Undergrad: 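Structure in structure tokens, see below.
Chain identifiers are assigned alphabetically (A, B, ...) following the order of the sequence lines, protein sequences preceding nucleic acid strands; residue numbering begins at 1 within each chain. Please read all numbers here as calculations on a predicted model, not as lab measurements.
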Number of protein chains: 4
Amino acid sequence: MNTRSEIAVTKIRHAAAELLLADGPSAFSIDAVARRSGVAKTTIYRHFDNARELLVDTLSATLRPQPTPNTGGLRSDLEAFFQTEASTRELDELAQRLAGLLYSAVNDPSTNEVLGELVTAYTTPMRTIVELAQSRGEVDPGLDLDLAVELIQGPFLFGFLVRRRTYSPDDLATLLDHIVAGLTTRVAASAMD
Amino acid sequence: MNTRSEIAVTKIRHAAAELLLADGPSAFSIDAVARRSGVAKTTIYRHFDNARELLVDTLSATLRPQPTPNTGGLRSDLEAFFQTEASTRELDELAQRLAGLLYSAVNDPSTNEVLGELVTAYTTPMRTIVELAQSRGEVDPGLDLDLAVELIQGPFLFGFLVRRRTYSPDDLATLLDHIVAGLTTRVAASAMD
Amino acid sequence: MNTRSEIAVTKIRHAAAELLLADGPSAFSIDAVARRSGVAKTTIYRHFDNARELLVDTLSATLRPQPTPNTGGLRSDLEAFFQTEASTRELDELAQRLAGLLYSAVNDPSTNEVLGELVTAYTTPMRTIVELAQSRGEVDPGLDLDLAVELIQGPFLFGFLVRRRTYSPDDLATLLDHIVAGLTTRVAASAMD
Amino acid sequence: MNTRSEIAVTKIRHAAAELLLADGPSAFSIDAVARRSGVAKTTIYRHFDNARELLVDTLSATLRPQPTPNTGGLRSDLEAFFQTEASTRELDELAQRLAGLLYSAVNDPSTNEVLGELVTAYTTPMRTIVELAQSRGEVDPGLDLDLAVELIQGPFLFGFLVRRRTYSPDDLATLLDHIVAGLTTRVAASAMD
DNA sequence: TGTTAAGCGAGACGGTACGTCGCGTCTTAAT
DNA sequence: ATTAAGACGCGACGTACCGTCTCGCTTAACA
């Protein structure tokens with residue numbers, strides 16, 4: 001398909017992504033995208049309701065899910081997952097995009113829906129890792145997958161987004177050790193509380 | 001002290017907080033603050049370098065650290081900490097402020113410093129909780145406090161900021177169970193990696 | 001043509017002229033013109049580079065050249081010209097506009113060009129009067145037209161702008177008598193100096 | 001007298017004159033004068049009611065009257081007067097100051113009074129020149145001195161302020177020839193008109 | 001010789017205008 | 001019917017200057 005619309009939208013998306021990644025979110029504006037893409041502002045607004053929507057579209061386009069490792073063990077799956085992750089050097093850009101997305105989502109319900117879909121897509125590999133561990137008996141099959149994802153991803157999110165830190169291999173190992181220990185420990189029925 | 005400056009700054013801060021909490025961050029602007037506070041725009045700029053700075057000032061003013069519980073055990077300390085936290089209903093506002101802060105910090109170095117101080121202030125109670133647990137022998141005294149904080153706070157941050165969820169008492173208990181299990185498990189020297 | 005631009009520019013010019021004539025130049029500002037005209041400030045700046053340019057545009061729009069009398073004689077031509085002129089009661093306003101224009105021109109090169117064009121337009125009738133007198137033999141055909149204009153208009157400019165005076169018919173007659181006498185006298189070759 | 005007030009006023013005047021002459025009227029402001037003079041803004045306002053007053057004070061301080069030549073003849077007196085004048089290269093600055101003064105006077109009655117005094121002071125030499133010519137019989141003793149001054153100074157004012165031109169010696173001679181011719185011609189009783 | 005009041009510096013205040021940028025809407029003409 | 005081109009109203013941005021207003025500190029003159 002090469003309709004005029006599609007060509008225009010493609011140009012818009014390219015220009016938007018370039019602006020966002022090269023010059024940061026403060027350089028991102030409909031006017032700037034129009035200038036850079038050569039597409040008229042009117043046309044942009046025909047395809048994106050407002051600036052936030054284009055921003056979110058662009059942000060989410062740059063957040064690509066990880067592949068799902070399958071090494072046969074929880075600990076090594078997680079290592080594989082986060083090592084790939086940790087090898088990325090565009091952590092700063094990623095943080096910018098993620099923060100922008102969270103900020104938009106928190107202030108705008110429709111963006112929040114987009115975020116929901118993105119989170120689903122993004123956490124699917126992790127859910128699969130946990131499900132495999134559960135089927136292997138490493139993890140309590142009764143453990144809610146959402147909770148598991150939070151237990152695993154949460155510490156990294158905190159370090160990444162709040163502390164803006166990176167992990168040394170030692171730190172990464174320690175973190176994973178404790179996360180895996182927490183996950184694999186069978187826990188007393190919490191209904192006692 | 002009741003100098004003219006201090007009166008003006010107080011008025012500015014009040015108006016800024018009102019605007020931010022009542023009408024959301026999109027209603028926040030220097031002009032709006034000037035109008036609402038009755039303080040001249042010039043005066044605002046005399047005390048705050050730019051709009052972002054006033055925004056960050058306002059956001060951080062509304063993020064108040066938790067008290068540090070001391071119940072004699074890690075698990076019960078955490079319960080106390082998060083139950084207080086969880087009982088709050090202004091989670092949405094808190095999320096907005098936090099996301100705004102993270103978003104600003106990620107795009108502006110000077111804001112990032114402010115965030116750093118805030119994080120320090122905010123995580124101090126949690127560090128104390130962990131230190132007490134270490135002195136009691138519940139937690140490995142060799143565990144880095146930053147990592148510990150990430151292991152504890154991370155899952156909640158993920159749930160809170162990314163998933164925008166609240167926890168049922170059961171979920172909360174399960175989460176704490178696994179977190180505590182992870183923390184209290186002595187872990188083999190990670191130098192093996 | 002009734003394009004949007006032209007409508008806007010017309011509104012701007014009207015409001016600017018009203019402000020300038022009614023409340024004086026100190027009441028003239030882009031913001032005030034925007035308020036009164038109902039045209040957005042942005043739009044004003046789209047058509048006028050800055051406040052001074054709009055001011056000069058407005059000042060010059062209100063300076064309209066005189067018609068050229070042709071009575072058959074220099075003296076009576078001048079009488080006709082200045083009687084029309086002298087009958088005007090908006091001398092004060094005219095002085096304001098003229099002084100504003102001179103002041104702007106003297107401090108800004110681009111305004112000076114505008115002034116040059118205005119002066120050309122404004123002195124054309126007088127040049128014609130002199131040329132006719134030269135063709136009739138009343139005035140030395142070798143006399144530079146610029147000098148002639150200065151000789152004629154200069155005294156009135158001085159009285160009008162510096163002295164802020166008006167002329168009684170007697171005074172006017174005396175002035176014209178001497179001016180005409182000066183012009184019609186054949187003068188020795190000035191190369192003697 | 002070297003009271004504190006006088007020292008302050010002197011500093012203010014110096015700074016004001018420097019600013020006005022060096023950087024032009026657009027650089028002239030109370031704040032700038034305060035900065036440059038080291039005198040507090042408060043003190044400036046204690047001695048000058050407002051910015052315009054200080055501006056006019058400064059402008060008039062830089063306009064110094066010419067000496068009165070006395071060569072024994074009208075034509076040579078005028079030559080002497082205007083040659084001195086014409087030799088000055090600060091014509092541009094003079095034009096700026098004069099235009100500023102006229103502009104202020106035309107828009108503010110109290111400034112207009114100041115202008116009146118300045119004009120009187122400035123035209124006194126010319127009045128004296130004419131009076132001498134009248135006593136010599138060169139000029140009609142019945143000619144009003146104000147009119148005479150306008151006839152003489154007017155053409156130069158026009159050329160100077162409106163045309164921003166300078167005169168070649170030839171042009172100057174021609175101008176003076178015609179002016180003198182106009183002045184020395186006995187004119188029929190103008191009551192005929 | 002002290003005391004007191006005027007004048008001073010320092011600088012914040014409310015206010016208005018400046019000129020710029022981005023938003024989202026609208027109109028016109030070309031494709 | 002869709003697009004390009006670009007003006008429009010709106011409103012925030014951050015800056016400069018206006019003239020006013022405390023404040024203490026310093027002088028000078030008076031008691």
Side-chain angles (χ1 to χ4, degrees), chain A residues 3-5 7-8 11 26-35 37-52 54, chain B residues 2-9 11 26-35 37-53, chain C residues 2-9 11 26-35 37-53, chain D residues 2-9 11 26-35 37-52:
Chain A
T3 73
R4 290 210 288 167
S5 293
I7 294 170
K11 286 201 239 168
S26 68
F28 184 93
S29 73
I30 295 288
D31 286 87
V33 171
R35 276 194 296 271
S37 65
V39 167
K41 234 166 72 162
T42 330
T43 307
I44 299 179
Y45 277 104
R46 204 169 289 113
H47 295 286
F48 301 90
D49 278 0
N50 51 48
R52 161 163 284 163
L54 176 54
Chain B
N2 281 330
T3 72
R4 291 209 287 166
S5 294
E6 281 160 342
I7 294 170
V9 170
K11 286 200 237 167
S26 66
F28 183 93
S29 75
I30 296 288
D31 284 273
V33 171
R35 276 193 296 272
S37 66
V39 166
K41 216 165 81 160
T42 327
T43 302
I44 299 179
Y45 278 105
R46 224 171 265 124
H47 296 285
F48 301 89
D49 279 0
N50 50 51
R52 160 163 284 164
E53 191 167 292
Chain C
N2 281 329
T3 72
R4 291 212 286 165
S5 293
E6 282 161 340
I7 294 170
V9 170
K11 286 200 236 166
S26 67
F28 184 93
S29 75
I30 296 288
D31 284 274
V33 171
R35 277 194 296 271
S37 66
V39 166
K41 215 165 80 160
T42 326
T43 302
I44 300 179
Y45 278 105
R46 224 170 265 124
H47 295 286
F48 300 89
D49 279 359
N50 50 50
R52 159 163 284 163
E53 192 168 291
Chain D
N2 281 329
T3 72
R4 291 210 288 164
S5 293
E6 282 160 341
I7 294 170
V9 170
K11 286 201 237 167
S26 68
F28 183 92
S29 75
I30 295 288
D31 284 87
V33 171
R35 278 194 296 271
S37 66
V39 166
K41 230 165 77 161
T42 328
T43 306
I44 299 179
Y45 276 104
R46 208 170 283 115
H47 295 286
F48 301 89
D49 278 0
N50 51 50
R52 161 164 284 164

Undergrad: Just so I know, are the side chains of A/L54 and A/F28 near enough to count as touching, which here means a heavy-atom distance under 4.5 Å?
TA: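 A side-chain contact exists here, since the closest heavy-atom pair is under 4.5 Å.
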Undergrad: Under 4.0 Å from a heavy atom of chain B: give me the 5'-most and 3'-most nucleotides of DNA chain E that qualify.
TA: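 That gives a stretch of E/dG11 to E/dT16.
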Undergrad: Nucleotide by nucleotide, 5' to 3', does protein get under 4.0 Å of the base (B), only the sugar-phosphate (S), or neither (-) in nucleotides 16-21 of chain F, counting heavy atoms?
TA: BBBBBB
Undergrad: Which residues satisfy the side-chain contact (heavy atoms from CB on, under 4.5 Å) test with A/A27, sequence neighbours excluded?
TA: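 Counting only residues at least two positions away or on another chain, A/A27 forms a side-chain contact (heavy atoms from CB on, under 4.5 Å) with A/D23.
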Undergrad: Would you say F/dC8 has OP1 or OP2 under 4.0 Å from some side-chain N or O of C/H47?
TA: yes
Undergrad: At what angle, to 10 degrees, do the two end axes of the helix from E/dG2-F/dC30 to E/dT31-F/dA1 meet, given five pairs define each axis?
TA: 10°
Undergrad: Please output the side-chain donor-acceptor pairs of residues 39-47 of chain A that fall under 3.5 Å, not counting sequence neighbours, one pair per line with the distance.
TA:
| from | atom 1 | to | atom 2 | distance (Å) |
| --- | --- | --- | --- | --- |
| A/K41 | NZ | A/D31 | OD2 | 3.4 |

Undergrad: Please enumerate all residues that pass side-chain contact (heavy atoms from CB on, under 4.5 Å) together with D/A32, with sequence neighbours excluded.
TA: D/L19, D/S29, D/R35
Undergrad: Measuring only between side-chain heavy atoms, which start at C-beta, is C/N50 closer than 4.5 Å to C/E53?
TA: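 Yes. Closest side-chain heavy atoms under 4.5 Å.
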Undergrad: For the pair made of CD in B/E53 and P in F/dC13, what is the distance, rounded to whole Å?
TA: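 Roughly 14 Å, once rounded to whole Å.
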Undergrad: Looking at C/S5, I'd like to know whether one of its side-chain N or O atoms comes within less than 4.0 Å of OP1 or OP2 on F/dA7.
TA: no
